[in-house]
Amino acid sequence: MLGPFGPGRTVMSEEHAAATHPWVRIRAAAGHVGEVVEIRGWVTHRRSSGKVQFLVIRDGSGSIQCVAGVKDLSPEQWEATAQLTTESAVIVRGLVKADTRQVGGVELGLQSVEVVSVAHDYPITPKEHGVDFLMDHRHLWLRSARQQSVLRIRAEIIAAFRDFMNREDFLLVDAPVFTPSACEGTTNLFETQYFEDKAYLTQSGQLYMEAAAMAFGRVYCFGPAFRAEKSKTRRHLIEFWMMEPEWAFGTLQDVIALEERLLCYTVGRVLEARAEDLKVCERDTSKLEKVVGPFPRIHYDDAVRMLHEAGLPFEYGNDFGAPDETELSNRYETPIFVTNYPAAVKAFYMEPDPANPKLSLSCDCLAPEGYGEIIGGGQRMSSLDLLTARIDEHGLPQEAFEWYKDLRRYGSVPHAGFGIGVERTLAWIAGLDHVRESIAFPRMLYRLAP
RNA sequence: UCCUCGGUAGCUCAAUGGUAGAGCAUUCGGCUGUUAACCGAAGGGUUGUAGGUUCGAAUCCUACCCGAGGAGCCA
């Protein structure tokens, strides 16, 4: 497996492939010990002891310390190097030397330094910064090592999601972002102009996935979702990314089984492929190594009993609040499934539980270590009559759902699906204390820029 | 929307009614192996905004603005 971050000898352009000084990514420099290579990147630190200068350069794949004695460079280049500031852009050439003192195990003995551009007063310093300052400078904050590690883990999680679903024979069918009305009718939607009509930004692709599942059998979508809710916590974004599988003839038990395999695969893959990035995030990976199935399945009734035993003032029939979820998930070291929620606290399309019609064939997955809900899903309603009644009960307009009801008129089958949130899953796996770090440019309550 | 906390140099913070401070960053000088290098020097302020109390306000009071954490809702 040789990607741009692989251990091999990666040359960055055709132009340089046959050159005597090939342009290499820093991550691959260890494969070029004893050779003269070119590195293109940005200066993160410069230190000097008068007759010797040290440059630490990053290029997005890693960082490397470069060293030059006064005789190694021309007087002009020596002087230009002395003028380099944090985040100045450079193209350097030098001899790759093994050096156990360095983080990557190698150091570059400089032979030439070409200044591409000099940065002035880069605002982010190696010292501490406050959240407000960093969020205002998110476009620059992305250059720091920790943020890069977080976003690399994000990319790995997304790749794992897609690879897993494709391997399970699910077809990618993306859902629209503009929708004519509420998918679920409850939460607030962002309204926008669609020529003469009003349109709304999607809050879920699920209803469209139900249609696609009746066409292809097994489908999933992957895209952004928008919730115009004034939620202001470490677990909420206004714009977030979700993967939503949906499949025909699926049951609640199938949902739980697939979620379990998806999470085990994803955590295992991140542990293996992104070990260094997890270390940069200071993640306690021993906790992730315990994420192997089977995860506990807890019926709503039993969950309520557990809360009462713990002395929490929980009223049967309600949805769980944050303290309730924490109490339940803290009892285990793996994610847990809470099933069969009351129909009243779930969306109108949830299939009723045949064993107790007040409950539903629903399932939420709660991540451990207090990270809370990362997946919501369940079996969908297959009866046209019941669906029609539920739409009325929720005060939703029947005409907006006629196309959705067609799915029950023409070959209705039991079917099921779930939605998994990328940012919450990443926050848990990377051990973040806030989802704002889990996406390159977060959209949050009262924060739309940069 | 509600509750709690906060806003002082570019950044992180100190100064609890009596002369506005430190570290880092920046600029200049020194140093041939540094690792957030180190040593010396310099510049840098309408204390979020408006009003009030007081001989005197960063500090006390009122309103507003901005931010953070949490609740509800959710992935």
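Labels below follow one simple rule: chain letters A, B, ... track the order of the sequence lines, proteins then strands, and each chain is numbered from 1. Quick caveat: nothing in here was measured; it's all calculated off a predicted structure. Keep in mind that the numbers below use all heavy atoms, side chains included, and drop hydrogens, waters and symmetry copies.
In this model, the phosphate group of B/rC24 is not approached by any side-chain N or O of A/H129 to a distance below 4.0 Å at OP1 or OP2. Close to B/rG72, at under 4.0 Å from its OP1 or OP2, lies no side-chain N or O of A/K230.
Between B/rU54 and B/rG48, the two C1' atoms lie 23 Å apart (nearest whole Å).
Within 4.0 Å of A/Y446, counting heavy atoms only, lie sugar-phosphate atoms of the nucleic acid but no base atom.
The side chain of A/E229 lies closest to B/rC73 when the candidates are B/rG67, B/rC74, B/rC73. Proximity note for A/H236 (side chain, C-beta onward) versus B/rC74, B/rG33, B/rU26: the nearest is B/rC74. The nucleotide whose nearest atom lies closest to any side-chain atom of A/F133 is, among B/rG33, B/rU12, B/rU26, B/rU12. Distances from the side chain of A/L445 to the nucleotides B/rA75, B/rU1, B/rG33 place B/rU1 closest.
Judged by atom type and distance alone, A/Q102 reaches the base of B/rU34 through a side-chain donor-acceptor pair under 3.5 Å.
Consecutive Watson-Crick or G-U pairing (both distances under 3.5 Å) extending over three or more pairs maps onto RNA chain B as B:1-7 with B:65-71, B:10-13 with B:21-24, B:26-30 with B:38-42, B:48-52 with B:60-64.
Judged by distance alone, the side chains of A/D301 and A/Y316 do bring a donor and an acceptor atom under 3.5 Å apart.
Under the stacking criterion of a centre-to-centre distance below 5.5 angstrom and an interplanar angle below 30°, A/F54 is not stacked against the six-membered ring of B/rG33.
Looking at A/E351, its side chain does come within 3.5 Å of a backbone N or O of A/S382 through a donor-acceptor pair.
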